[in-house]
Amino acid sequence: MNNPSVIACQSLGKTYQDGDLSVPVLHNLDLTIPAGATVGIMGASGSGKSTLLHLLGGLDSLTTGAVFWGETRIDTLGENARCRLRNQHLGFIYQLHHLLPELTALENVMLPLLLAKQSQVNAIKEGMNLLAAVGLSHRFQHKIGELSGGERQRTAIARALVNKPRCILADEPTGNLDRENAEHVFSLMLNLSRDFGLSVVMVTHDAYLADQLDIVYDLSVDGLIPRT
Ligand SMILES: Nc1ncnc2c1ncn2[C@@H]1O[C@H](COP(=O)(O)OP(=O)(O)OP(=O)(O)O)[C@@H](O)[C@H]1O
Ligand SMILES: [Mg+2]
């Protein structure tokens, strides 16, 4: 295959069950993310963008359908096997960034490497490189609670990139950033995609940034509609 998919879903559906209440969110979605592609997901608040990203990242259970990372179907794997694969292949940037508050910025960024059993020396070196790339060299020893919202978001971006994943799933990665920093981290991701064949799936409300991506989908009750 010339352009194998990094992530794909087939007939994906999600209905949240809240006691007696069924909340249908996603219905029968098919999506293929080609290797090296940059893909935007846009849509109204509540349309299910975060839900879709969580399902593609194997972070929540599907109601219907299947999710694949490369050739591997991951929704039927056990939790441990899925976590191991995720650590090797995916970087996730959450809408609420989920950094560990008691650790410093550098320790947060090192964590995926230490989980992958890399040496402390290498984790420090790579962690510092990534923090420099997102413009945070001067804050590496700060605890997360001592960082601004935008600095936390940039730390989360560095953490997602540090294990050199094949694909980044990013939920509004530039949502908390001012224009200059938004464009800075956005071009960082585009450069990584171009230089290393990294795929990027990005939820964004920012039409200016979305215009620079290879493919943009609108998510609504009608499903995922590619923008032309
Ligand atoms: N755990 C849950 N239980 C019940 N309903 C949920 C749950 N999580 C999300 N929902 C509902 O699913 C819908 C989609 O939520 P989701 O967070 O995916 O939207 P979104 O498109 O990311 O919105 P936003 O742009 O505001 O981040 C919303 O209506 C939300 O209320
Ligand atoms: Mg969301």
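We count ligands from 1, going down the list as the structure has it; atoms in each ligand are counted the same way.
- Ordered by chain and residue number, the residues placing a heavy atom less than 4.0 Å from ligand 1 are Y16, D18, V25, A44, S45, G46, S47, G48, K49, S50, T51, Q95, E172, H205.
- In this model, a donor atom of one side chain and an acceptor atom of the other lie less than 3.5 Å apart for S50 and D171.
- Contact check on D75 versus R82 returns no salt bridge, with no Lys/Arg side-chain nitrogen under 4.0 Å from an Asp/Glu carboxylate oxygen.
- Q120 meets the side-chain contact (heavy atoms from CB on, under 4.5 Å) test with M110, L114, I124; sequence neighbours excluded.
- Excluding waters, the count of protein N/O/S atoms less than 2.8 Å from the Mg ion (ligand 2) comes to 2.
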Which pairs of donor and acceptor atoms, one on a side chain in residues 22-35, lie under 3.5 Å apart (sequence neighbours left out)?
unit_1, atom_1, unit_2, atom_2, d
S22, OG, Q17, OE1, 3.1
S22, OG, Q17, NE2, 3.0
D30, OD1, S11, N, 2.7

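- Ring-plane geometry between H98 and Y94 is classed as perpendicular, the angle between the planes exceeding 60 degrees on a 0 to 90 degree scale with a lower cut at 30.
- Under a 4.0 Å N-O distance rule, the pair R227/D211 does not qualify as a salt bridge.
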side-chain contact (heavy atoms from CB on, under 4.5 Å) assessment of F186 paired with L213: CA-CA 10 Å; F186 184 77; L213 300 170; 3.7 Å; yes
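- Checking side-chain atoms of E126 against main-chain N and O of A123 turns up no donor-acceptor pair under 3.5 Å.
- Using modelled atom types, no side-chain atom of T174 and backbone atom of L177 make a donor-acceptor pair closer than 3.5 Å.
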